[in-house]
There are 2 protein chains.
Amino acid sequence: MTRRTTIHDVAAAAGVSVATVSKAVNGRYGVSPETVGRVLDAVKALGYESSLVASSMRSRRTGVIGVLVADIEPFSAEILKGVAGALSDTGYDLLAYTGARRDGEGWERRSLSRLSGTLIDAAIIVTPTVVNVSSDVPIVAIDPHTGRADVPTVESDSFTGAQQAVHYLVQLGHRRIGFIAGRPDLRSAVARASGYRAGLAAAGIPFDPALVGDGRYEHDVAREAAHAMLALPDPPTAVFAANDLSALSIVEVAVERGLRVPDDLSVVGFDDVPEAARAQPALTTVRQPMKRLGAEAVRIVLALLAGEELPATHIELPTRLVARGTTAPPRER
Amino acid sequence: MTRRTTIHDVAAAAGVSVATVSKAVNGRYGVSPETVGRVLDAVKALGYESSLVASSMRSRRTGVIGVLVADIEPFSAEILKGVAGALSDTGYDLLAYTGARRDGEGWERRSLSRLSGTLIDAAIIVTPTVVNVSSDVPIVAIDPHTGRADVPTVESDSFTGAQQAVHYLVQLGHRRIGFIAGRPDLRSAVARASGYRAGLAAAGIPFDPALVGDGRYEHDVAREAAHAMLALPDPPTAVFAANDLSALSIVEVAVERGLRVPDDLSVVGFDDVPEAARAQPALTTVRQPMKRLGAEAVRIVLALLAGEELPATHIELPTRLVARGTTAPPRER
DNA sequence: CTGAAAGCGCTAACAC
DNA sequence: GTGTTAGCGCTTTCAG
């Protein structure tokens, strides 16, 4: 618990003014090599490191890219890995921020206001709840909100992904296929619902509203929906969930109800977070390239920072079904 | 790209001074309820959110806990999940920071200097390279450096974990067991090396220096060590690696050399990052409770923040062997 | 109860 | 080449 070394300490030690220290440290012109040396010596001796906060208040550039997430869970963690990977060797620091109030809408607006214009040069927002963010720094959204996006966005092809899931289940012989929906405010979740219906239609299976549950990407909500669906007089033989978290909840509920997975119930998730493979049995799921989502966002943000005026870009990456242990043909009746 | 709304804008809108706005927003005494109402209305109307940076320069407390990591990879990502989980409902925001210069020593000193005393109220540092950090905010280290630690630390029982790994391999019938070491500056890596030797000794197997390779937790370094070890005239039938990343590298190399895992070579890792289960075949490994490491660190940091003067605490959590697909009895000769 | 003024650590004009 | 000055947006005495 020592007081930070400030630029004043360095100035005093080197016998120059704080302005000179600033110039020397930041390599500005107009300082004699001799003075620079003296200052740098003092910097080293004192272990001085400029305060990010203070310097960001005066200068426009901080060299920090912010990633705003609602929470650090498997999905956002993968994105962060992708962002970190893409940012290494670019000279940019990475700052990930999660507000204490993870609830409700508009967390990203709050976080953004608190950080932008000052601390970070640009922001990557993951699964934002509002579309209408205004900011004084470049922004790109990953897995964005429904509605018109006025910022560049990066997401996966959720529609096709959902179709892949349903198609796979149909191929296995399933006809009664349930769906646990995601967060209705996210474009990706809506696309997965459409993909589910398109998949059914392609197989000539009539859509049954009773087989659609509300999951909202929340463990408890998904569990409740699963319970309700499995208690149906004519329950589904397979369920497709809009994300892995929900899919894992379904498996949990199925087991609690005495069903064997995949013998009595097949389950397919979406995302392929690392945890999906670890589950027992390992989860069949639609993989979306989460790290690449992060990396693509970095690419755009860097371009924006470099002054390239991209049109409101929209990037969509492909998905792929990964068959594991939670899917099998339906039991003979 | 709009200019941020500042406290001045609010003051102007509400017809009061910036000082009054500050008091009203922060609930300080000495403002009439009527004025408070007017200010809060303006705040809402303008969507004002105070700048974290500016306020942190004047006031001591920011309500933000910083987590400093060298990079966001599977291990640190798990820690982050644990920290985020433990921090929810505490009212603290979470800020994870990775410097651009991930190389070399002292990255945490630099990050800490840049953030502490200003932006963050406390710091959790993951796998620091230096032990001698001084700071004006409470600090706790996860998986710390070797040497005397003057800050509270949280880590897993690496010694016992390594013993478990070796014991398991011995039980399977292995006698020639190699070891790929970790970062020699980390206490945990050193303990895993000791545990390896203790495990051999307990089984009456003589220690063979030729069966120890340098991995340093880096993919390429571990690969090289694996190549060298497997090229030995009398190669090991099993290898224990100081972390999962290295273990996965070994599997990779083994396959490249035409060996089948686990038939020709058994491999055991350490950590049990989610990726370990996803590998093909799934990795046998020693699980350390990474999320709990993060949660324990939060607990300590919060206690420190609450003014409880803990003695230089040291927490050690238990490990557990998770047998998966990369281990089998050695082939008959 | 409210506002003017000082200053957190730093950088950018502008003087000297 | 170097120092002085003026803030960045905010909180906090301290007068009024």
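Naming convention: chains lettered A, B, ... in sequence-line order (proteins, then strands); numbering from 1 in each chain. Worth saying up front: this structure is predicted, and the values here are computed from it rather than measured.
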Whole angstroms only, please: what is the OH-P distance between A:Y29 and C:dT11? 18 Å

Any side-chain N or O of B:T35 under 4.0 Å from OP1/OP2 of C:dC1? no

For a 4.5 angstrom cut-off between non-hydrogen side-chain atoms, does B:V39 reach B:V31? no

Could you run down nucleotides 6-16 of chain D 5' to 3' and tag each one B, S or - for protein heavy-atom contact under 4.0 Å? BBBBBBB----

Quick check: does any side chain N or O of A:S55 sit under 3.5 Å from a backbone N or O of A:L52, one acting as donor and the other as acceptor? yes

I'd like to know if A:E155 and A:R187 make a salt bridge, using a cut-off of under 4.0 Å between side-chain N and carboxylate O. yes

Salt bridge between A:R110 and B:E49, side-chain N to carboxylate O under 4.0 Å? yes

At their closest point, which heavy atom of A:Y29 faces which heavy atom of A:K23, and how far apart are they? O-CD, 4.5 Å

